[in-house]
Amino acid sequence: MNITSLRLDTNSITAPRTAFNGAGGSCIITLPRRIHLHKHHQWRNTGPISCSASPPAAVEHQTSDTPSRIAALGLVSGVLGCQWGDEGKGKLVDILAKHFDIVARCQGGANAGHTILNSEGKKFALHLVPSGILNEETTCVVGNGVVVHLPGFFKEIDGLESNGVSCKGRILVSDRAHLLFDFHQEVDGLREAELAKSFIGTTKRGIGPCYSSKVNRNGIRVSDLRHMDTFPQKLDLLLADAASRFKDFKYTPEMLREEVERYKRFAERLEPFICDTVHFMNEAILQKKKILVEGGQATMLDIDFGTYPFVTSSSPSAGGICTGLGIAPRALGDIIGVVKAYTTRVGSGPFPTELLDKIGDLLRFSGQEFGTTTGRPRRCGWLDIIALKYVCQINGFSSLNLTKLDVLSDLAEIQLGVSYKHSNGTPINSFPADLYALEQSKVEYETMPGWQTDISNIRNYSDLPKAARQYVERIEELVGVPIHYIGVGPGRDALIYK
């Protein structure tokens with residue numbers, strides 16, 4: 001293969017920062033002008049918790065400028081990752097958001113870094129806030145399946161506000177979501193150090209330890225912030241448990257006092273955001289509002305279906321939409337899978353099509369493959385069709401978004417990993433659960449011609465070079481799912497509708 005050039009984008013990926021004065025107090029959520037409020041409900045320390053926010057009023061979404069692919073999407077649609085994350089889901093969500101009333105996160109936490117550009121080309125790195133926040137008519141929901149680190153959440157809001165993005169009344173946080181504390185992050189690092197050479201390669205954002213607290217049934221939820229009389233005892237139990245498990249975790253009474261005082265302030269600031277999002281989402285469905293679900297990470301990192309144990313701690317596949325938002329499976333419409341034109345992953349774990357040569361370096365630098373959340377360089381390789389078919393089976397995608405096709409433009413030849421074989425030559429019929437078998441497997445490739453021309457300014461599918469169209473259509477043929485969206489650059493407009 002010939003590498004004719006190497007393009008390195010030196011723009012750093014950083015989250016904007018500044019101060020923003022949040023308001024505490026009333027449970028009523030101030031919503032955009034197209035949202036109506038129900039009669040005010042006073043919060044009480046006993047009885048059911050309700051939310052005074054009503055779903056956004058219906059608006060006419062289809063205009064002469066709306067691509068037919070978007071207009072045809074179901075009332076409840078989802079955008080999920082097909083690989084090991086970092087596929088570019090945030091960009092598609094950002095583009096689709098203006099056609100939806102609500103954009104919701106259903107799982108994960110601040111380990112889900114989405115980098116998107118607004119209409120002026122300004123770069124935003126989002127972690128907890130749904131990518132729909134850049135569209136001012138969109139209400140954003142952080143569902144019950146998400147783990148919420150409040151210091152990071154408020155920092156993200158401050159950064160958005162300082163850059164002219166209004167968040168007031170536009171973000172709802174589930175009262176059932178679990179709180180992720182700083183000690184969860186510390187424990188995450190201690191756990192990775194304990195694993196030594198078998199480390200998972202987590203973002204060390206505390207996601208796994210927080211989900212462990214949830215499953216152990218001693219976690220603390222957002223609704224617990226309304227009961228600061230019992231909050232210290234619950235936090236003490238969590239901190240003492242961590243201290244008993246990790247000898248290097250130093251827990252003192254002063255630490256508890258400081259954290260309680262800190263969370264009293266957080267509780268006041270968070271109050272306007274808190275909502276019974278299960279009720280909110282189901283009311284929106286009944287009222288036929290358009291809902292877009294934004295997945296974090298991807299199916300190959302799913303706790304059940306991914307390359308376990310080198311996975312995340314939640315379910316970033318279609319099933320996680322229902323459990324993470326409290327909506328019924330029959331409510332789901334179109335699910336779009338987002339897949340790069342090649343493959344990347346961060347951290348440890350098997351990677352059958354990985355490239356450890358100059359081609360891998362070209363993909364990394366041309367594609368700017370450095371983590372939004374951690375800045376870590378991503379491992380790069382050819383597109384793995386076997387893994388993609390497996391993910392399509394699990395999620396039942398109605399269509400795919402193929403991203404970063406432009407990154408392959410310098411290559412004279414491109415390879416597709418189309419099948420696995422055991423070391424003895426016998427075929428492997430599906431993506432194996434046995435990591436030893438996966439690591440020992442041999443990948444068989446199809447070689448396709450490259451196009452070796454810049455495609456970043458092309459906006460019509462028919463204008464793509466023949467070799468680029470052949471590559472797209474071969475992927476469709478192999479996985480049996482149509483590709484409706486093709487990314488040819490980082491900008492909002494760098495998208496081809498097929």
Side-chain angles (χ1 to χ4, degrees), residues 107-112 127-128 142 144-156 173-270 274 296-297 301 303 308-315 346-349 373-374 376:
Q107 47 70 227
N111 57 336
H127 302 277
L128 267 172
V142 178
N144 58 274
V146 179
V147 291
V148 182
H149 181 243
L150 289 182
F153 177 70
F154 291 132
K155 181 178 179 181
E156 200 165 321
V173 179
S174 173
D175 51 10
R176 292 175 170 86
H178 277 250
L179 294 173
L180 189 154
F181 295 90
D182 287 352
F183 88 87
H184 283 125
Q185 297 179 340
E186 184 176 349
V187 164
D188 205 354
L190 292 172
R191 172 66 174 157
E192 284 285 87
E194 185 179 78
L195 290 171
K197 291 184 179 180
S198 299
F199 71 97
I200 304 298
T202 76
T203 59
K204 299 183 182 177
R205 292 297 194 269
I207 308 299
C210 186
Y211 277 113
S212 293
S213 296
K214 176 179 179 176
V215 175
N216 284 337
R217 293 169 293 185
N218 62 358
I220 298 177
R221 303 199 295 180
V222 166
S223 59
D224 291 316
L225 293 173
R226 291 191 170 128
H227 305 281
M228 293 307 294
D229 54 334
T230 58
F231 181 85
Q233 293 94 313
K234 292 184 177 183
L235 184 57
D236 176 56
L237 179 64
L238 269 180
L239 291 168
D241 184 60
S244 67
R245 172 65 180 80
F246 298 96
K247 61 181 176 58
D248 291 331
F249 180 74
K250 307 303 180 184
Y251 172 42
T252 64
E254 182 62 25
M255 179 190 297
L256 176 63
R257 284 194 294 271
E258 290 177 357
E259 198 73 340
V260 169
E261 289 304 312
R262 189 175 177 222
Y263 271 80
K264 284 180 180 178
R265 297 190 297 272
F266 288 157
E268 182 179 358
R269 184 175 179 185
L270 188 67
I274 301 174
Q297 296 85 49
L301 291 172
I303 189 69
Y308 188 90
F310 302 101
V311 293
T312 192
S313 301
S314 61
S315 298
V346 175
S348 303
T373 298
T374 63
R376 291 181 294 180

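Scope of the values below: all heavy atoms of this structure, side chains included, with no hydrogens, waters or symmetry mates. Positions are given from 1 along the sequence.
- A salt bridge between D224 and K234 is present, with a side-chain N of the basic residue lying under 4.0 Å from a carboxylate O of the acidic one.
- In this structure, L180 and Q185 have side chains that are in contact, with non-hydrogen atoms separated by less than 4.5 Å.
- A distance of 5.0 Å separates OG in S314 from CD in Q297, rounded to the nearest 0.5 Å.
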- Task: Could you walk me through whether D175 and L225 pass side-chain contact (heavy atoms from CB on, under 4.5 Å), step by step?
- Result: CA-CA 9 Å; D175 51 10; L225 293 173; over 6 Å; no
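- In this structure, NE2 on H227 lies 10.0 Å from CZ on R221, to the nearest 0.5 angstrom.
- A donor-acceptor pair under 3.5 Å is absent between the side-chain atoms of K247 and the main chain of S244, judged by distance alone.
- In this structure, SG on C210 lies 7.5 Å from CG on L179, to the nearest 0.5 angstrom.
- Side chain of E156 to backbone of L128: a donor-acceptor contact under 3.5 angstrom is found.
- Proximity of a side-chain donor or acceptor of D241 to a complementary backbone N or O of L237 within less than 3.5 Å is not detected.
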- Message: For a side-chain contact (heavy atoms from CB on, under 4.5 Å) check, start with the C-alpha distance between L270 and F153, then their side-chain angles and the critical distance, and finish with the verdict.
- Response: CA-CA 10 Å; L270 188 67; F153 177 70; 3.9 Å; yes
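- A distance of 8.0 Å separates CD1 of I207 from CG of D188, quoted to the nearest 0.5 Å.
- No hydrogens or angles considered: a donor-acceptor pair under 3.5 Å links the side chains of D182 and H149.
- The aromatic rings of Y263 and F266 sit perpendicular, their planes meeting at an angle over 60°, well past the 30° parallel limit.
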- Apply the test salt bridge (charged side-chain N to carboxylate O under 4.0 Å, His left out) to residues E268 and R265: give CA-CA distance (whole Å), side-chain angles for both, the deciding distance (0.1 Å), then the verdict. CA-CA 5 Å; E268 182 179 358; R265 297 190 297 272; over 6 Å; no
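- Side-chain atoms of F181 and L235, non-hydrogen and from C-beta on, do get closer than 4.5 Å to each other.
- With hydrogens and angles ignored, the 3.5 Å screen pairs no side-chain donor or acceptor of E186 with any backbone N or O of F249.
- Between R262 and P151 there is a side-chain heavy-atom pair separated by less than 4.5 Å.
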- Worked check of side-chain contact (heavy atoms from CB on, under 4.5 Å) between I303 and T312: CA-CA 6 Å; I303 189 69; T312 192; 5.9 Å; no
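- A heavy-atom distance below 4.5 Å is not found between the side chains of Q107 and V146.
- S213 and H184 form a side-chain donor-acceptor contact under 3.5 Å, judged by distance and modelled atom types alone.
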- Message: H178 vs I220, test: side-chain contact (heavy atoms from CB on, under 4.5 Å). Steps then yes/no.
- Response: CA-CA 6 Å; H178 277 250; I220 298 177; over 6 Å; no
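- Side chain of Y308 to main chain of L301: no donor-acceptor pair is present (N/O by atom type, distance under 3.5 Å, no hydrogens or angles).
- Note that CZ of R205 is 7.0 Å distant from NE2 of H127, once rounded to the nearest 0.5 Å.
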